[in-house]
Amino acid sequence: MTNLTGTVVRLKLSLLRGGLRQSRGRRDAFIVSSSFALLFALAQLPGMVLLSRQPHGEVVSVTATAVLALGWAFLPLFFPTGDETLDPTRLVMLPLRPLPLMRALLVSSLVGVGPLVTLLLLLGCVLVPARGAVGRLTAVVALVLALLVCVALARAVAAANVRLLTSRRGRDLAVLSGLVIAIGGQLVNFGARRLGSGGLGQLRPVADVLSWVPPASAVAAVRSASEGSYGSALAQLALTAAALVALVVGWARSMTKLMTTPDGSTLQAADGGRAERRGTGGLTRLLPAGRTGAVMERTLRYVWRDPKTKAGWVTSLAVGLLIPVFYALQHTGSVYFACFAAGMLGLQMYNQFGQDTSAFWMVALTVSSPRDAYEELRGRALALLLITLPYAALVTVLNVALLGAWPMLPRVLGMSLALLGAMLAAGAWASARYPYSIPQEGLKSVVPGQAGLAWIGIFGGMLTAAVLCAPYIALTVWLTHGADGAWSTWPLLPVGAVYGAGIALLGLRLAAPRAAGRLPEILAAVSKG
């Protein structure tokens with residue numbers, strides 16, 4: 001048993017080390033992202049200590065623990081992660097019993113930057129309510145229980161859903177997760193704004209309920225022990241321990257089922273292919289002939305068929321609409337929040353080659369010159385514009401209508417078009433410079449070792465897009481400042497459209513030679529899944 005645990009831990013470390021050895025850029029990206037996460041976790045400790053002196057400090061610690069556990073439960077399923085062992089189906093062919101394998105996986109889950117950051121965050125949460133010797137002793141027990149519950153929760157949820165999420169049709173359910181996460185993020189945002197105006201006391205009813213919901217109940221036990229309510233403290237610790245046992249039992253059942261039951265989740269319905277062909281067949285007749293039309297059709301089919309690509313689109317569509325509409329309904333938003341639609345949809349241009357995964361070799365065979373690479377990138381960009389242009393315009397008009405700011409429509413729509421062009425240009429460059437693989441059969445969106453590279457490429461591209469938009473933003477500010485009336489800035493609309501188109505074409509032409517010259521590197525990077 002001990003040898004198996006050590007082997008799995010070494011396997012996880014080897015996967016991480018092997019991914020970091022592939023390139024210096026990935027290693028640097030991992031170091032930078034890990035350093036920022038650890039610095040944040042360490043910086044919150046003094047803040048939590050100061051928070052302990054506030055009247056409602058323990059309210060924050062209890063709520064934060066519940067949110068942290070929620071993140072451990074769901075985020076590993078839909079967001080990039082470097083833990084290849086999260087998918088237990090990769091180990092089912094080995095001669096291993098479920099219980100020893102569970103122990104090994106649980107220990108390996110405690111190894112890495114994520115668990116260390118979680119440990120530091122939970123340490124800050126238990127320090128807030130800890131008072132006296134009994135309270136501090138209870139804090140140690142609560143810290144261990146809360147961390148184990150978070151890890152076991154992630155493993156149990158992953159094991160229970162791995163067959164569903166790795167099947168073709170089951171992965172389509174991930175589309176709903178994007179919408180839920182988008183809405184949930186906005187609710188958290190508005191909740192934080194309400195707390196800023198009304199104080200932490202507004203969270204007291206929520207914290208009272210969460211005090212009996214594991215693992216937040218473990219942190220609440222520290223407060224109860226510090227106040228002398230030893231019976232309540234024991235009950236809350238016992239509740240957390242019972243939740244841990246229940247998670248382990250559920251995890252064991254899922255593992256046993258995974259290791260003894262054949263996988264039939266990938267069987268397709270008899271009419272599945274016909275249903276998918278009907279999804280894009282009508283639109284293909286309207287596409288241009290030649291390579292451009294073929295590339296556009298292929299890109300649109302990815303949007304329609306591939307669950308992970310579809311999930312990204314649904315999330316972008318939801319966030320791009322929810323942010324401006326939510327703020328406009330509260331009469332606290334700006335008309336320029338409509339640019340969120342163009343910005344979120346522009347992100348779909350990033351990692352274009354990675355969406356092809358190992359099938360990119362067929363595309364690479366057709367690219368023999370920068371001209372071929374330019375036509376490939378142009379076709380992909382035009383396919384995105386078929387969706388992004390009308391959607392961004394619709395969100396802009398809706399936002400302006402909700403705020404009653406019709407005279408500002410030309411400048412806002414022009415800003416959205418300029419931003420969209422800049423995002424397409426930056427996305428094409430990032431696709432050629434920072435490609436990464438998207439696993440098709442798994443729970444992750446990035447293969448191990450490439451997560452840092454993916455984030456660096458996305459955020460670097462977003463920064464580049466902001467720089468590209470700076471001249472148009474400066475022009476907007478200058479014309480708006482000197483305008484005699486709101487409608488006098490109407491030339492900003494055609495200028496924004498021309499500027500966005502020009503920047504997009506320039507970005508495609510600059511990215512094409514790099515993509516053509518780096519085809520072997522791109523193919524190697526996107527084929528790792």
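On a predicted model such as this, the values are computed, not experimentally measured, just so you know. Start at 1 with the first residue, then count along the sequence.
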What residues form a side-chain hydrogen bond (donor to acceptor under 3.5 Å, both in side chains) with Thr138, not counting sequence neighbours?
-> none

State which residues pass side-chain hydrogen bond (donor to acceptor under 3.5 Å, both in side chains) with Ser224; sequence neighbours excluded, sorted by chain then number.
-> Gln236

Distance-only, no hydrogens or angles: does the [X] side chain make a donor-acceptor pair with backbone N or O of [Y] under 3.5 Å?
X      : Y      : value
Arg518 : Ala432 : yes
Ser229 : Ala225 : no
Tyr391 : Leu317 : yes
Gln348 : Leu345 : no
Ser316 : Met344 : yes
Ser226 : Arg131 : yes
Ser416 : Ala392 : no
Arg380 : Gln352 : yes
Ser108 : Val9   : no

Give, for atom CG of Leu148 and atom CG of Leu110, the distance between the pair rounded to the nearest 0.5 Å.
-> 6.5 Å

Between CH2 of Trp429 and OH of Tyr350, what distance do you get to the nearest 0.5 Å?
-> 9.5 Å

Within the structure provided, determine whether [X] and [Y] are in side-chain contact (heavy-atom separation under 4.5 Å).
X      : Y      : answer
Leu119 : Leu143 : yes
Val526 : Tyr436 : no
Val128 : Val60  : no
Leu347 : Met462 : yes
Val395 : Pro324 : yes
Trp72  : Pro115 : yes
Trp251 : Leu106 : yes
Leu322 : Phe340 : no

After noting the C-alpha distance and the side-chain angles of Leu123 and Leu127, does the key distance pass the side chain to side chain contact (heavy atoms under 4.5 Å, CB included) rule?
-> CA-CA 6 Å; Leu123 178 60; Leu127 285 177; 4.2 Å; yes

Mutual orientation of the aromatic rings belonging to Phe360 and Phe353 [parallel < 30°, tilted 30-60°, perpendicular > 60°] = tilted

Do Ser217 and Ser211 meet the criterion of a side-chain donor-acceptor pair at a distance under 3.5 Å?
-> no

Residue pair Ser109 / Arg155, side-chain donor-acceptor N/O under 3.5 Å | yes

